[in-house]
Amino acid sequence: MNGSIGVLPIGKVPETACSAVAAHVRSVLGLEAAVLAPLAEPDYAFDRNRMQYNAATILRTLEAMPVPGCTKIVAVLNVDLFVPVFTHVFGEAREGGPCALVSLYRLGQDLHPERPPGPQILDRLLKVALHEAAHLFDLVHCFDDQCLMHFSMDLEALDRLPLSFCPTCKALLK
Amino acid sequence: MQEKLKIMVVDDEQIVRESLYQWFKKFSHVVETAASGFEALEKLEKVPFDVLFVDIKMPKMSGLELLERVKQEYPDTSVVIITAYGSIASAVDAMKMGASDYLLKPFRPDQMTLVLEKIAGQRELLGKYRYVKGLLAEKTRFDNIIGQSEAMQVIFDLIPEVAQSDSSVLITGETGTGKELVAKAIHAKSHRANSPFIAINCGAMPESLLESELFGHQKGAFTGADKNRKGFLEVISGGTLFLDEIGEISAKMQVDLLRVLEEKKILRIGERHPIDVDFRLISSTLRDLEKEVAEGRFREDFFYRINVIRLEIPPLRKRRDDIPLLIRHFLRKYSHETTKQVDHVTNEALECLKQYPWPGNVRELENAIERAVVLSKSRTLDAQDFAFLGGARLRPDRPRDLREMEKRHVEEILQEEDWNISHAAQALGINRVTLHKMIKRYGLKRPE
Ligand SMILES: [Zn+2]
Ligand SMILES: [Zn+2]
């Protein structure tokens with residue numbers, strides 16, 4: 001697999017969260033990765049009725065904004081994301097698209113925007129980020145519940161996943 | 001979720017269509033979208049879909065209107081209604097109209113996953129039911145009931161009448177007489193015709209499988225029950241259940257089914273809450289169930305439940321008049337299937353076939369014709385082509401003596417009618433006195 005991934009902080013996101021994502025993109029996906037300069041909170045995507053941020057709107061904005069030096073972008077946020085019809089999402093990416101989103105917001109209670117996230121939240125963030133990043137490389141959900149591409153119904157299911165891909169998905173990533 | 005589904009998202013809002021499209025694609029489902037009910041119907045006309053996700057509030061054609069049309073024209077397509085919070089009443093209406101499920105907007109991603117898993121499970125069951133149906137069709141291999149004999153006319157007259165009522169029917173008759181076809185015909189003529197006809201051969205299934213197929217089970221109810229599963233009795237919703245060889249079921253199953261027939265409720269295995277069911281039971285048996293009851297091998301109360309209406313299908317040897325008609329039907333069928341042109345039987349062959357006792361009934365006759373057609377090198381089948389049926393009567397050394405023929409014929413009819421002199425005389429078209437004279441003249445004796 002070729003290319004490099006830019007990890008893009010949007011709004012107030014702990015720095016360690018972004019550098020951890022970049023490190024795991026390198027070690028698990030085997031891709032070049034670098035943390036990019038942060039963007040401001042995505043106020044343009046705020047939905048007053050739902051008091052949440054529309055993930056589809058953010059993705060569309062990022063897709064229209066070319067970032068030189070990387071093939072795909074994984075944006076890390078700390079706001080409550082939703083996709084119309086769904087109550088919320090942990091992350092979002094279009095299959096084969098250029099950008100993925102992942103939010104810390106629903107990954108745990110004890111989160112402070114200024115402080116580094118605890119080990120449990122960090123673990124969840126890395127899993128969601130790698131899962132969404134793999135969608136950018138055309139991977140779909142996997143039946144194997146010991147594979148990062150397995151769809152997790154909730155945080156509990158997410159916690160049961162290992163931070164790795166099954167042999168099939170690994171082969172598809174190559 | 002292993003099952004790949006063909007899904008259509010019907011919503012007038014583009015953003016909703018797009019989000020769900022992306023969502024389903026990630027699960028490898030085949031997805032299409034439609035912006036209106038009309039567009040959805042247009043697409044349905046071209047290819048079948050497994051499931052439609054339909055927004056309830058759409059201009060021109062509402063989701064409920066679309067649901068109604070889909071349920072009428074494509075009853076195999078599942079419909080899930082998507083509705084905004086606060087319109088639960090219409091969601092309930094939708095369920096009454098046959099929607100598989102509803103989702104209140106916005107919903108959690110895992111709720112969507114659960115709904116899809118449920119539908120995939122139902123479709124798996126539907127597939128299995130088609131498979132069972134296919135097996136039966138393969139086993140009987142004639143697609144409609146054929147007969148012009150008086151015996152069959154009686155059955156033809158009874159079918160629509162029996163179809164009117166909702167009582168349990170017990171169809172008796174030897175193997176190969178077409179009991180399944182009669183059950184299907186009753187279903188097709190009844191008000192249940194638009195719901196499934198599910199056929200299960202009780203003799204061919206182990207008890208535990210039969211139980212879980214009929215009643216369904218909860219996840220973890222037994223080893224291997226890895227998810228909740230609806231049983232046929234639940235899935236059939238309003239249709240007809242045909243239990244072939246009901247004489248084979250265990251005493252426990254008789255009790256369980258008796259309870260279902262009385263209470264119209266079932267319990268999935270491992271579940272405590274009863275579910276309402278609605279179906280009509282048609283069963284069939286080769287056994288003499290009255291005798292089984294008398295000898296204590298079959299429950300009397302259950303027997304009365306399933307035997308409200310009785311239909312007896314006559315064996316082929318009691319409707320020999322139908323043999324030429326059936327031969328013509330099967331000749332046409334197998335000539336077509338083998339692309340051979342075999343369309344005649346000699347008079348001699350016809351005589352042989354009319355005289356043969358046909359222990360396997362219509363099914364055996366069909367197999368015989370199929371085999372003769374496959375092996376035949378000419379357009380016409382002669383007696384030799386049926387030599388494989390064996391037996392002296394099939395050899396073309398039939399008596400040329402009319403008296404000898406009469407003797408054999410009278411003897412045969414007497415045997416068929418169990419030596420009931422009145423019945424045999426009636427079948428022969430003579431009176432009892434004449435028959436007695438013939439019995440004496442030919443020295444016929446009732447076999448021990
Ligand atoms: Zn995913
Ligand atoms: Zn995998």
At a 4.5 Å cut-off on heavy atoms, which part of His135(A) comes close to chain B: side chain, backbone, both, or neither?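 Contact with chain B: side chain only.
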Chain B heavy atoms under 4.5 Å from Phe151(A): which part of the residue, side chain, backbone, both or neither?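 Only the side chain of Phe151(A) comes within 4.5 Å of chain B.
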Where [X] and [Y] come nearest, the two heavy atoms and their spacing:
{"X": "Lys105(B)", "Y": "Val85(A)", "result": "CD-CG1, 4.1 Å"}
{"X": "Pro106(B)", "Y": "Thr87(A)", "result": "O-CG2, 3.4 Å"}
{"X": "Phe86(A)", "Y": "Met112(B)", "result": "CE2-CB, 3.9 Å"}
{"X": "Gln22(B)", "Y": "Glu95(A)", "result": "OE1-N, 3.9 Å"}

Relative to chain A, which segment of Ile82(B) carries a heavy atom at a distance below 4.5 Å: side chain, backbone, both, or neither?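 No part of Ile82(B) comes within 4.5 Å of chain A.
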Take atom [atom1] in [X]; do more than 12 heavy atoms of anything else shown fall under 6.0 Å from it?
{"X": "Glu15(A)", "atom1": "CD", "result": "no"}
{"X": "Asp47(A)", "atom1": "CG", "result": "yes"}
{"X": "Arg106(A)", "atom1": "CZ", "result": "yes"}
{"X": "Met51(A)", "atom1": "CE", "result": "no"}
{"X": "Lys71(B)", "atom1": "NZ", "result": "yes"}
{"X": "Glu32(A)", "atom1": "CD", "result": "no"}

How far does CD of Glu18(B) sit from CZ of Arg94(A), to the nearest 0.5 angstrom? 8.0 Å
Strictly distance-based, threshold 3.5 Å: is any side-chain N or O of Lys26(B) a donor or acceptor partner for the main-chain N or O of Ala93(A)? yes
Determine whether Met153(A) and Thr113(B) make a side-chain contact, defined as any pair of heavy atoms from C-beta on separated by less than 4.5 Å.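 In contact.
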I'd like to check Asp110(B) versus Asp154(A) (side-chain heavy atoms, cut-off strictly below 4.5 Å). Are they in contact?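 Answer no - side chains too far apart.
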